[in-house]
Amino acid sequence: MIACNNKHYRVPNWAIHILRTTTVMSLTFWKPGTAGPGSNLDRASQVEESIVPYAPQDGYLSVRGQQERLPIFKHREKLLYCVEKHGVVIVVGQTGCGKTTQLPQYLLQAGWADDGHVIACTQPRRIAATSVAGRVSEELGTKLGEEVGYTIRFEDVSSKEATRILYMTDGMLFRETLVDPLLSRYSVIMVDEAHERSIYTDLLLGVLRKIRKQRPSLRIVVSSATLDATKFMDYFLHGSDPNECTIVSLEGRMYPVEVAYLAESTPDYTKKAAEVVWNINLQQGPGDILVFLTGREDIDNCCQELSDMLPSLPARATKLVPLPLHAGLTTDEQLRIFQPAAPGTRKAIISTNIAEASVTIDGVKFVVDSGFVKIRVYNPTTSLASLATVPISVASATQRAGRAGRTAPGICYRLYPKAVFDKLPLTTSPEITRTDMTTPILQLKSLGIDDLMKFNWVSAPPAETVLRALEGLHAASMIDEYGKLTRIGEQVAECPVEVGIARMLFSSKDYKCGEEILTIAAMTAVQDIFIIPDGAPGALAELERRKFTAEEGDHFTLLNAYNAFTRYGKSAGWCKSHAISFRAMSRAVSIRSQLKKYMQRFDLPIESCEGDSKRLARCLVSGYWRNGARWAPDGTYRSVRGGMVLSVHPTSVLFTRKSRTGWVIFHEMEETKKTQIRILTEIEPEWLLDHGHAYDDKRKEQK
DNA sequence: CTCGCCCCG
C-alpha cells in the first residue's frame, strides 16, 4: 500500500505522485529569464510585469524578477498600467481567478468605455457569453442589456447607446469585422479562453493583429489559462516594437486538488473507471464523482457496468447513482445532472469532454480522468472529416483535475501512469489545423485578405486544406480564376451558412422554390432533430419518424417535419408525442428567419415549388453536385468524385431502401468505422452533369 | 446491414 496523507484513502495499485499542500491550480511563479515548467519562456526577459495576483486578499507581484507585496488596489493599477502602456496584454490565469468578470470592470472604471466606446470580451461558447454577462451586470447592479450586455447568434441583449461592456462569442465579433473592418466602436477587445484555440479565436487574433497596425489606439487583451502565453507574445511581437506586448499572470483561487496516477497502464479504461468509481464510493467521504470518458458508447458501457455492480453494494454504504452526461441528452436528462444528490446517495456523473469547460457541476469532489478525448479531424486529401480518440493534453488534464476543486478540496484519479502524463502534448492541436477552411477563407477574402500564404496565422492551416478550400470556392464560383471574390462570393461571405447551402439559396431563384429551400437549409444546419432513444422507446420513435418519411429522401423528410411542426402551432407537446426535439426545431425556426432576411436583402424571391419535387431536387443538386454517389450491388454507394465506398448512415430514410434511380446527393460524409453519408436525396444522374460540366468547361477554358 | 466529441455564424 502506498502511503498517502489522506488517511481514508486505500487503493493498493495507485501511485501517488503529486500531493500539493497549496493548490494544483495556482500558477507556478516564474521569474523573467528562467524557463517555466513545460513551457518555453526563454525570451521572458522581454517580459516586464510577470506576476500580478488577482485575489481579494493581497498576494505577490513580481516586477523584473523582484517580488514585493502589494495591496489589491495596486494590482489593479498595475494591470491597468499594462493595458495603457502596451498594445497587447496577455493575461495568464486559471479558471477562478476572476479575469473574465473582473478585468472588463476594471477597464470600465478606468475610463476605457468613455466617449461611447465599448469594451468587448469574447468567448468561444454562447453559454459562457450569456452567463458571464448576467453575473457581471448583477455585480454592477445594472439591468442586463444596458451597461453590460451580450451578443450571440439570434440574441442581442445589448443597447447601442448604453452598453459599455459587451460579452460576445468570438464568431460574432469575427463576423462584425466583415461590416466594420477596424472594429471602430471598441476601445479594448479581450479575447478570453484563447488557449482553447477555437477556429474563430485564431481568425480573430489574426485580424486584430492587422487592425492594431492601422488603429494603434485599440487595446487587445488575450486571456489564456495555460503557460503557452509566450506563443501569443511571439505572435504579436513579431517584427514590431518590444513594447507592443507583455505578459501578466494572475493567481487563481481554487481549493487544493490531489492528483493520483495509476501505477500501470490499463487496457480497458471504461472498466477501470467503473472500478475506481466503485472504490471511491466505498472508501471516501461525501462528494460527487465526475468521470471523463470519450463518447456515448463508453459512457453507456460504464453506466451499465456500475448498474450491474449496484446489487452487491453493502447495505450500509452510500448509494451510488450513475448519471450519463453528453451533448445528445434531452433537457430533462440534463436537469438530472444538476439536482443535488439525495441524502445518503452519491452522484457519479459519467461524461464526455463537455464537462471539461462547457458544463460546470458544483459539488464534485472526485474526478476520474481516462486521459482520452474524441476530436474531429479533417483530411484535406479526401475532404473527409472523422472522429479520432486521442490522448488529452497537459492543459486538458489540468483543467479536468480542477473540476474536483471548485467548492472544496478534491482528488483527481488519472487512469494512466505518471510516465504517460509526462509525455502528453502540452496543448491540443488548434482547430484551424484540423478543419475544413472553405467558409473561413471566403470570409477572409471578403475582408480583403487575398494572399493567404502571406497572412500571419497564429497557426497556419495545412497548405493542402487551403488549396482544397480555394478549389471548392472556385468550383462554386465564389472566386474567379485569379482567386478574387466574385459578386456572388461577396454576398455569400455574409451568409451564415456553408458555401454549398448558400449556392442552393441563390439558385432557388431559377428553380422557383425559395420557400422550401429556405426550410431545408435551416433544417440541415441543426442536428439531432429526431430523438432516437435506445430499446423499446427507440422503436416507437422510429415509427413516429416514418410518418414524415418522404420517398425522395432525407431533405424532403426534414421539410415534411418542419412543415408539420409549423402546422401544429410549433408546440413542445406536439414534438414530444412525435419524438422530435423541440429545442432543435426552435433553432431551425430562428435560422430560417435569419436566412430569409438575407434572401430578401439579395432580392431572391421566396416562392413555393407548389409540390414540384423534381424542381426542388434539382435545386438541391445545384448546391450538392460535388456530393454525388451511385448505388453499388453490395448495398453501399460509390462517390462520383474518387469512387470512395460510402455507407448510408442508419438515420437516413434511404438506409433500408435503395435509391430508385441508383443515384443520390448527400449533405455530408464522415469517417467512423466506415465512411458514412448523412442526409441523402435521390436524383437523376444527368442533373449532376449540369453543374459538373459547367465547372469542368471553365477549367478547360483556363488551360 | 445500425449511430451522434465539442462548438461557432
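Chain A is the first sequence line, chain B the second, and so forth, proteins listed ahead of strands; every chain is numbered from 1. Just so it is clear, the model here is predicted, and its values are computed rather than measured.
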Checklist entry - Among B:dC7, B:dG9, B:dG4, which nucleotide sits nearest the side chain of A:Arg153? => result B:dG9

Item to check | Integer-rounded Å distance: B:dC6 P and A:Arg296 CZ | outcome: 11 Å

Item to check | Short side-chain N/O contact to B:dG9 OP1/OP2 from A:Arg126, under 4.0 Å | outcome: yes

Checklist entry - Quick one: A:Asp156 CG to B:dG9 P, roughly how many Å, whole number? => result 12 Å

Next on the checklist: Using a 4.0 Å heavy-atom cut-off, does A:Ile152 contact any base of the nucleic acid, only the sugar-phosphate backbone, or nothing at all?
Outcome noted: sugar-phosphate

Item to check | Interatomic distance, A:Leu205 CG vs B:dC8 C1' [rounded to whole Å] | outcome: 15 Å

Checklist entry - With a non-hydrogen cut-off below 4.0 angstrom, is A:Asp528 in contact with a base, only sugar-phosphate, or nothing? => result base

Item to check | Listed nucleotide nearest any side-chain atom of A:Met172, set B:dG9, B:dC7, B:dC5 | outcome: B:dG9

Checklist entry - Is the phosphate of B:dC3, meaning OP1 or OP2, less than 4.0 Å from a side-chain N or O of A:Thr672? => result no

Checklist outcome for this item: Residue set satisfying side chain to side chain contact (heavy atoms under 4.5 Å, CB included) with A:Arg126, at least two apart, ordered chain then number -> A:Ile152, A:Thr169, A:Arg587

Checklist entry - Taking the side chain of A:Arg376 as its heavy atoms from C-beta onward, which of B:dC5, B:dC8, B:dG4 lies nearest to it? => result B:dC5

Checklist entry - So which nucleotide from B:dG9, B:dC5, B:dC7 ends up closest to the side chain of A:Arg125? => result B:dC7

Checklist entry - Side chains of A:Arg403 and A:Thr360: do they bring a donor and an acceptor to under 3.5 Å? => result yes

Next on the checklist: Could you tell me how far apart A:Asp436 (CG) and B:dC8 (P) are, to the nearest whole angstrom?
Outcome noted: 18 Å

Item to check | Rounded distance in Å - CG (A:Leu329) to C1' (B:dC6) | outcome: 14 Å

Checklist entry - What is the nucleic acid contact for A:Val648, judged by heavy atoms within less than 4.0 Å: base, sugar-phosphate only, or nothing? => result nothing

Checklist entry - Would A:Asp268 and A:Lys272 pass as an ion pair if we require N to O under 4.0 Å? => result no

Item to check | Residue A:Pro650, side-chain atoms from C-beta onward, closest of B:dC3, B:dG9, B:dC7 | outcome: B:dC3

Checklist entry - Hey, does the side chain of A:Gln676 come within less than 4.0 Å of B:dT2's phosphate (OP1/OP2), counting only N and O? => result no

Next on the checklist: Once you apply a heavy-atom cut-off of 4.0 Å, does A:Glu176 come out as touching a base, just sugar-phosphate, or nothing?
Outcome noted: nothing

Item to check | Nearest-angstrom distance from the residue atom CD of A:Glu542 to P of B:dC3 | outcome: 14 Å

Next on the checklist: Please check this pair: side chain of A:Thr177 against backbone of A:Phe174, looking for a donor-acceptor N/O pair closer than 3.5 Å.
Outcome noted: yes

Next on the checklist: By nearest atom, which of the nucleotides B:dC7, B:dG4, B:dC1 is closest to the A:Thr656 side chain?
Outcome noted: B:dC1

Next on the checklist: Between C1' on B:dG4 and CD1 on A:Ile529, what's the gap in Å once rounded to a whole number?
Outcome noted: 14 Å

Checklist entry - How do A:Gly328 and A:Gln443 order along DNA chain B: which one's closest nucleotide is nearer the 5' end? => result A:Gly328

Item to check | Closest nucleotide among B:dC1, B:dC3, B:dC6 to the A:Ser358 side chain | outcome: B:dC6

Item to check | A:Thr352, nearest nucleotide to its side chain (from B:dG9, B:dC7, B:dC6) | outcome: B:dC6

Checklist entry - Taking for each residue the nucleotide of DNA chain B bearing the nearest heavy atom, is the 5' side occupied by A:Leu387 or by A:Thr439? => result A:Leu387

Checklist entry - Looking only at side-chain N and O atoms, does A:Thr169 come under 4.0 Å of OP1 or OP2 in B:dG9? => result yes

Checklist entry - Considering residues at least two apart in sequence or located in another chain, which fulfil the salt bridge (charged side-chain N to carboxylate O under 4.0 Å, His left out) criterion with A:Asp369? => result A:Arg400

Item to check | Whole angstrom value for the distance that separates P of B:dC5 from CZ of A:Arg400 | outcome: 14 Å

Item to check | Pair A:Asp180 + A:Arg185: basic N to acidic O under 4.0 Å | outcome: no

Next on the checklist: Please report whether the ring centroid of A:Phe655 lies less than 6.0 Å from that of A:His649.
Outcome noted: no

Item to check | Nearest listed nucleotide, side chain of A:Arg175, among B:dC3, B:dC7, B:dG9 | outcome: B:dG9

